[in-house]
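Chain A is the first sequence line, chain B the second, and so forth, proteins listed ahead of strands; every chain is numbered from 1.
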Number of protein chains: 4
Amino acid sequence: MGNSFGTLLKLHSFGESHGRSLGGILEGFPAGILLDFSQIQFELDRRRTNQGIYSSSRKESDQLQILSGIMDSKTLGTPIGFMVENGDAKSEEYQSLKDIYRPSHADFTWQQKYGFRDFRGGGRSSARETLARVVGGAMAKQFLQLHGISLQAWVSQIGNITANITTSPSQMEVEQSKLRCPDKKAEGQMFALIEQLAQQKDSVGGVVQCQIEGVPAGLGEPVFDKLQAVLAHAMLSINAVKGFEYGSGFAGSAMKGSEHNDEFVLMNQQIKTTTNWSGGIQGGISNGQAIYFKVAFKPIASIGIQQKAINMQGAEVDLEIGGRHDVCVVPRAVPIVEAMAALVIMDFFLMQKINQA
Amino acid sequence: MGNSFGTLLKLHSFGESHGRSLGGILEGFPAGILLDFSQIQFELDRRRTNQGIYSSSRKESDQLQILSGIMDSKTLGTPIGFMVENGDAKSEEYQSLKDIYRPSHADFTWQQKYGFRDFRGGGRSSARETLARVVGGAMAKQFLQLHGISLQAWVSQIGNITANITTSPSQMEVEQSKLRCPDKKAEGQMFALIEQLAQQKDSVGGVVQCQIEGVPAGLGEPVFDKLQAVLAHAMLSINAVKGFEYGSGFAGSAMKGSEHNDEFVLMNQQIKTTTNWSGGIQGGISNGQAIYFKVAFKPIASIGIQQKAINMQGAEVDLEIGGRHDVCVVPRAVPIVEAMAALVIMDFFLMQKINQA
Amino acid sequence: MGNSFGTLLKLHSFGESHGRSLGGILEGFPAGILLDFSQIQFELDRRRTNQGIYSSSRKESDQLQILSGIMDSKTLGTPIGFMVENGDAKSEEYQSLKDIYRPSHADFTWQQKYGFRDFRGGGRSSARETLARVVGGAMAKQFLQLHGISLQAWVSQIGNITANITTSPSQMEVEQSKLRCPDKKAEGQMFALIEQLAQQKDSVGGVVQCQIEGVPAGLGEPVFDKLQAVLAHAMLSINAVKGFEYGSGFAGSAMKGSEHNDEFVLMNQQIKTTTNWSGGIQGGISNGQAIYFKVAFKPIASIGIQQKAINMQGAEVDLEIGGRHDVCVVPRAVPIVEAMAALVIMDFFLMQKINQA
Amino acid sequence: MGNSFGTLLKLHSFGESHGRSLGGILEGFPAGILLDFSQIQFELDRRRTNQGIYSSSRKESDQLQILSGIMDSKTLGTPIGFMVENGDAKSEEYQSLKDIYRPSHADFTWQQKYGFRDFRGGGRSSARETLARVVGGAMAKQFLQLHGISLQAWVSQIGNITANITTSPSQMEVEQSKLRCPDKKAEGQMFALIEQLAQQKDSVGGVVQCQIEGVPAGLGEPVFDKLQAVLAHAMLSINAVKGFEYGSGFAGSAMKGSEHNDEFVLMNQQIKTTTNWSGGIQGGISNGQAIYFKVAFKPIASIGIQQKAINMQGAEVDLEIGGRHDVCVVPRAVPIVEAMAALVIMDFFLMQKINQA
């Protein structure tokens with residue numbers, strides 16, 4: 001249970017951080033579509049890279065290997081098996097953590113759930129698991145592109161520093177920013193904050209915002225699989241996510257109906273809305289306007305500061321996690337948010353093919 | 001697609017606002033459990049009732065009818081079919097809305113999706129659909145109670161008025177408040193706001209908070225069906241919900257790891273945490289602490305104020321929705337939030353039975 | 001688990017023989033299709049009727065009630081809820097069987113599985129459960145008809161009497177035969193056999209054959225959901241079925257490849273096969289030829305002859321089941337076989353919409 | 001769709017005959033179980049080997065590679081990813097078949113379904129796909145063994161030669177027979193038949209029988225997922241299968257109820273039946289007696305005899321398939337039948353954990 005995502009387009013994921021490989025099967029991808037594998041590798045590289053001194057020391061090349069489902073770079077309609085080998089895993093470093101439940105990590109809960117866990121590098125609870133999502137999402141993105149649908153995510157907040165970005169930036173603008181925050185001023189402040197926290201061996205959270213353009217009206221499956229419900233599911237399934245809001249979000253709770261209602265108008269003989277508090281979704285179904293949402297990430301739990309922990313024998317121990325740690329993983333989450341969103345939208349796109357006679 | 005919720009415990013829902021009846025099938029409920037049907041009716045009544053002048057004029061008795069799956073008040077392990085008849089539906093009133101796409105309603109998107117829709121009372125997009133959720137959830141609550149798990153939701157915000165409630169209130173405290181907000185001072189301000197908006201024929205949103213106690217460590221199915229991911233899915237599937245956060249939520253994005261990490265300690269030979277920014281979930285799995293989350297509701301779209309709308313023929317029309325309308329449905333959402341949460345937790349409870357050998 | 005059938009077109013079934021009602025939800029039926037409800041009632045009547053003295057004494061009118069999903073006789077794309085009330089159930093008659101495990105009935109196994117069972121009229125193991133299948137199947141048939149696909153089943157064997165029917169009969173031919181066996185000579189012998197067994201208070205099995213015409217090439221989802229695999233699943237899920245074969249079937253095991261291979265030829269610029277040992281399916285996918293299969297039914301277990309049984313207290317008891325019993329239910333199984341086949345084919349038809357880009 | 005099997009225990013399969021590798025993910029296997037990987041490799045070898053001159057010329061070592069889900073030979077409760085590389089695939093040999101629809105092969109139907117197909121070695125329609133089943137099944141067998149459940153299949157018929165085997169043979173007896181038919185006399189006749197057909201470049205079908213012992217009462221999920229229905233689904237999903245029957249099977253259709261009913265008796269304070277026409281299943285649920293069934297295989301379509309075929313351009317061509325071919329693959333199907341049966345039984349075993357409160 002819990003290792004597959006999607007209804008018609010299904011991503012089945014496997015792999016532990018220090019096992020032989022991580023990967024997955026993407027099932028339900030239509031036949032006959034030419035894929036650009038360099039683009040998929042590009043997305044994997046986006047996930048991996050975190051610039052400068054604030055990144056994890058692990059050097060994975062994360063080279064995609066396609067196992068099935070493709071011939072002459074075209075999809076066969078059969079399951080697309082793929083994997084990335086775990087080259088640089090130093091399991092020995094984790095021996096000292098074998099018996100310890102680190103604060104706010106998944107050590108304790110996985111032990112409780114399964115009675116047995118892979119303690120090396122977080123095992124399956126490692127963020128390396130998101131590799132499979134990025135591969136699947138990168139394929140979905142190419143499908144969506146063929147249908148005029150595009151996605152873009154960016155960092156809109158780190159710590160208490162909020163970017164001032166009012167229109168969805170381009171991928172180039174986002175990628176030119178080392179923190180994937182294309183607001184120069186905010187980015188500078190974020191860097192300063194990260195540098196300061198790096199010295200303190202501390203970490204910090206942030207917010208990723210995402211916008212989807214070109215979604216036709218009609219996607220989403222009420223009543224339980226409303227478009228926003230499955231997006232929320234997708235986002236909250238990403239490590240370290242604490243919240244999701246779309247359209248007006250939490251701020252919408254304080255609004256009046258007369259402010260919040262999006263009036264319909266005709267533009268170029270198409271039905272549009274003058275405002276978009278709905279976030280492109282009404283009654284769980286896309287209305288043709290831009291879909292946008294925010295995803296909140298907590299600070300990562302691995303910090304260099306000494307902490308109290310409990311070991312499996314039930315004794316309290318002092319814990320000082322050595323090595324270099326990410327101060328802030330939120331920039332690396334950007335391609336993951338995009339990947340999950342792409343899987344969701346493509347799945348609903350396929351489903352909509354069967355709703356009308 | 002989209003009308004079933006759950007993996008082992010499945011709620012299949014059916015029904016339009018003005019059809020013969022609404023109801024569902026609850027499948028996967030274990031055999032041999034004695035149910036208290038007056039408690040289920042009580043939950044239905046909680047959903048229906050909205051006190052005072054600010055409520056919808058429709059008078060539904062919402063009497064539960066059990067169709068199958070029960071003998072001598074005990075579950076048979078077979079599907080529990082149930083329904084509530086639509087007694088007081090005045091479809092004629094909706095004839096004038098037949099061709100109109102109301103702002104921020106689902107009229108336009110349903111028409112786009114299906115090419116044909118039941119315009120009467122919102123059809124399947126009506127909040128009456130939540131009846132089936134409340135019935136299923138009420139049964140799940142009774143199962144959870146047998147295992148020491150309890151849930152309580154309440155209104156924590158209406159408009160820009162926020163309640164000051166620091167510990168989870170009891171059901172009695174919540175139900176004694178007409179707005180389900182057991183902070184007398186805030187409730188008074190909320191009433192004043194609602195009364196003012198009623199006169200203005202306007203509406204307002206709000207926030208429901210929920211806390212779940214007694215959940216054993218080990219529930220939740222990473223990587224895609226993390227406990228919080230399925231809770232978010234459940235909550236965002238409720239009409240008018242715009243956001244979900246659990247534990248530290250969006251505020252957690254601004255925190256440092258050293259602040260946010262929940263240290264483990266031993267209390268009475270059990271592993272607990274000193275703080276609970278994790279919201280009772282680590283790595284997608286419950287850790288035995290209280291689970292708590294917030295759900296944001298937008299203001300309802302039906303307002304008496306005159307608005308611009310578009311009709312199916314593509315013409316702009318003036319829209320003035322007559323009759324009395326709810327100003328704020330958030331208090332009625334409290335039992336719905338609880339119901340969905342109960343379905344989620346019970347489903348994970350059943351799943352956990354098969355994870356260990 | 002186990003009460004839903006189908007992938008995109010899903011039938012969720014509920015109901016016990018002596019509960020308030022039996023019914024189901026048909027989900028995934030496309031919107032905008034005009035249904036003929038008299039045809040659906042006709043199929044229900046086909047299921048119910050068994051002519052002459054050899055039928056069960058229970059008089060159910062089996063009147064279909066539509067609960068949702070339909071407006072102006074057209075499908076809304078939302079779940080189609082429906083039920084049939086259990087009017088004539090005489091539960092008292094079953095009090096004497098409350099504690100007894102009847103030979104080759106499901107009393108013992110249901111008790112073992114659930115620890116608690118509805119002993120009245122077989123509870124959920126009653127063949128009345130097939131009502132929901134027939135309703136769902138009747139709707140699927142109408143969809144298939146719109147796409148040029150038709151189904152016909154008939155009785156090809158009762159006891160050791162085999163009909164000599166070489167081409168698929170019409171529905172009229174089948175319905176004009178009281179035993180649904182349009183081979184006059186065989187039917188006469190079957191009647192004689194049934195009459196003889198009625199006097200002996202015994203029962204007998206039989207075989208239903210089914211043919212599906214007009215299925216386009218391309219339906220079926222290898223590798224696990226091959227067309228024949230899902231058909232087999234569907235048929236073996238019907239009460240009393242012991243076997244399934246399609247195309248050459250068991251006899252094909254004794255054939256040589258050179259005999260069994262179906263050569264392709266061009267007819268009217270379409271690819272056909274000269275023989276059809278494949279039964280219209282190759283590699284799990286329809287090839288455009290007729291699909292045909294056989295379903296074996298055991299004799300029903302309820303006989304008037306005195307038998308030995310065991311009660312729940314573990315004592316051996318003599319069992320003499322009173323009242324009139326069906327000698328042979330195979331003719332009544334004909335519409336059920338058709339209904340399940342229709343659900344399978346329609347589901348694959350919908351799935352095929354998403355396999356190509 | 002169609003590449004996953006199972007409900008709680010799920011096998012997700014991937015791979016084409018001439019792609020990089022074939023494999024799968026086994027999900028839902030409980031944590032903490034020590035697996036014997038030499039036993040799994042042994043099952044893979046059973047699938048591969050076909051003795052003597054009548055076997056396919058392809059020499060695959062079929063070495064199992066575990067990718068995830070295992071640490072220290074124990075299951076982690078996470079997805080078990082695995083694969084077998086396609087070492088010896090000679091794709092060039094298939095270039096001449098690129099455009100040809102071979103009789104009774106899946107070439108035509110796959111082309112119709114997907115519009116694009118991997119023609120090399122049958123692509124995904126190749127029987128090499130069953131590798132993933134055998135691996136998954138071998139793991140399931142080890143789980144079942146821990147719970148006292150064992151399975152054994154054997155060849156009971158080749159062509160028109162039927163073995164005389166009245167009690168379930170041991171694995172040793174089956175494996176000591178080159179044709180997996182532990183009836184010396186029949187085996188001799190079968191060999192003679194195969195030799196004769198090899199000279200004629202022809203092929204022949206057969207029947208595999210399987211018996212499952214030690215299944216506790218209570219497994220199977222009525223109404224749609226009756227134990228026999230899912231077994232039938234499993235078996236008909238195997239390449240070349242044309243029929244399935246269990247217990248009395250097709251012969252049961254000719255029996256009278258008084259003959260067919262299995263009377264319950266008490267033996268050693270346990271409820272048993274004196275006969276077992278039910279095949280160990282009543283009402284879709286296991287009753288504790290042996291489960292047994294037969295699976296019919298057609299002759300394989302690849303024969304050396306010249307045949308007529310059609311190419312993709314719609315022209316009739318003469319087809320002579322070169323190289324050596326299997327005359328009869330039925331002995332190789334024995335471990336596949338066992339594997340699928342093991343997956344089914346283990347899945348139902350897990351499900352039964354949640355049916356009672």
Regarding A:Asp262 and A:Thr275, do their side chains bring together a donor and an acceptor under 3.5 Å, going by distance alone?
yes

Could you have a look at A:Gly284, A:Ala232, A:Pro216 and say which one has the most heavy-atom pairs with chain B under 4.5 angstrom?
A:Ala232

Looking at B:Lys242, B:His260, B:Gln356, B:Gln269, which makes the most heavy-atom pairs under 4.5 Å with chain A?
B:Lys242

Could you tell me which of B:Gly288, B:Ser248, B:Ala309 has the largest number of non-hydrogen atom pairs under 4.5 Å with chain A?
B:Ser248

Taking only residues two or more places apart in sequence or in another chain, which ones pass side chain to side chain donor-acceptor pair (under 3.5 Å) with A:Lys113?
B:Glu221, B:Gln352

With respect to chain A, which residue among B:Ser125, B:Ala301, B:Ala240 yields the maximal number of heavy-atom pairs within a distance under 4.5 Å?
B:Ala301

By side chain to side chain donor-acceptor pair (under 3.5 Å), B:Gln282 pairs with (sequence neighbours left out) B:Ser278, B:Asn287

Give the ring-plane orientation class for A:Phe224 versus B:Phe5, where under 30° counts as parallel, over 60° as perpendicular and anything between as tilted.
tilted

Among A:Arg133, A:Met235, A:Met340, A:Gln157, residue most engaged with chain B (heavy-atom pairs, under 4.5 Å)
A:Arg133

With distance as the sole test, does A:Ser17 use its side chain to make a donor-acceptor pair with the main-chain N or O of A:Gly122 at under 3.5 Å?
no

Please identify each residue that fulfils side chain to side chain contact (heavy atoms under 4.5 Å, CB included) with B:Gln111, with sequence neighbours left out.
B:Tyr101, B:Arg117, B:Met312

Judged by atom type as modelled, is there a donor-acceptor pair below 3.5 Å linking the side chain of A:Asn311 to the main-chain atoms of A:Gln313?
yes

From the list B:Val241, B:Ile158, B:Val230, B:Ile271, the residue making the most non-hydrogen contacts under 4.5 Å with chain A is B:Ile271

Take atom NZ of A:Lys353 as the centre, draw a 6.0 Å sphere, and report whether it contains more than 12 heavy atoms from other residues, nucleotides or ligands.
yes

Taking the side chain from B:Asp347 and the backbone from B:Leu8, do they hold a donor-acceptor pair closer than 3.5 Å?
yes

B:Gln307 versus chain A, heavy atoms under 4.5 Å apart: side chain, backbone, both or neither?
both

I need the residue from B:Ile238, B:Leu319, B:Ile303, B:Val223 with the largest number of non-hydrogen atom pairs under 4.5 Å to chain A.
B:Val223

Based on non-hydrogen pairs under 4.5 Å, which of A:Gly283, A:Ser4, A:Gly243, A:Ser104 is most in contact with chain B?
A:Ser104

Residue part contacting chain B, namely of A:Leu11, when any heavy atom lies under 4.5 Å
both

Which bit of A:Lys294 is near chain B, if near means a heavy-atom gap under 4.5 Å: side chain, backbone, both or neither?
both

For A:Thr162, is it the side chain, the backbone, both or neither that has a heavy atom under 4.5 Å from a heavy atom of chain B?
neither

Choice from B:Gly220, B:Gly247, B:Gly159 maximising heavy atom contacts with chain A below 4.5 Å:
B:Gly159

Top of A:Gly218, A:Gly205, A:Ser237 for chain B proximity - count of heavy-atom pairs under 4.5 angstrom
A:Ser237

Checking B:Lys226 against chain A: side chain, backbone, both or neither under 4.5 Å from a heavy atom?
side chain

What part of A:Phe264 gets within 4.5 angstrom of chain B, counting heavy atoms only: side chain, backbone, both, or neither?
both

Check whether A:Glu263 gets within reach of chain B through its side chain, its backbone, both or neither, counting any heavy atom under 4.5 Å.
both

Looking only at heavy atoms and a cut-off of under 4.5 Å, which of A:Asp202, A:Asp225, A:Val204 has the most pairs with chain B?
A:Asp202

Portion of A:Trp110 that has a non-hydrogen atom of chain B nearer than 4.5 angstrom
both

Can you tell me which portion of A:Gln228 sits under 4.5 Å from chain B's heavy atoms? Options are side chain, backbone, both or neither.
both

Please report the closest heavy-atom contact between A:Pro222 and B:Tyr114, naming both atoms and the distance.
CD-OH, 4.4 Å

What are the two closest non-hydrogen atoms of B:Ala333 and B:Val208, and how far apart are they?
CB-CG2, 4.4 Å

Given A:Asp107, A:Leu219, A:Leu266, A:Thr130, the one with more heavy-atom pairs under 4.5 angstrom with chain B than any other is A:Leu266

Is the closest side-chain donor-acceptor distance between B:Ser302 and B:His105 under 3.5 Å?
yes

Distance-minimising heavy-atom pair for A:Met351 and A:Asn355
O-ND2, 3.4 Å

Closest heavy-atom contact between B:Phe348 and B:Leu227?
CE1-CA, 3.9 Å

Does anything in residues 250-259 of chain B get under 4.5 Å of chain A by heavy atoms, and if so which residues?
B:Phe250, B:Gly252, B:Ser253, B:Ala254, B:Met255, B:Lys256, B:Gly257, B:Ser258

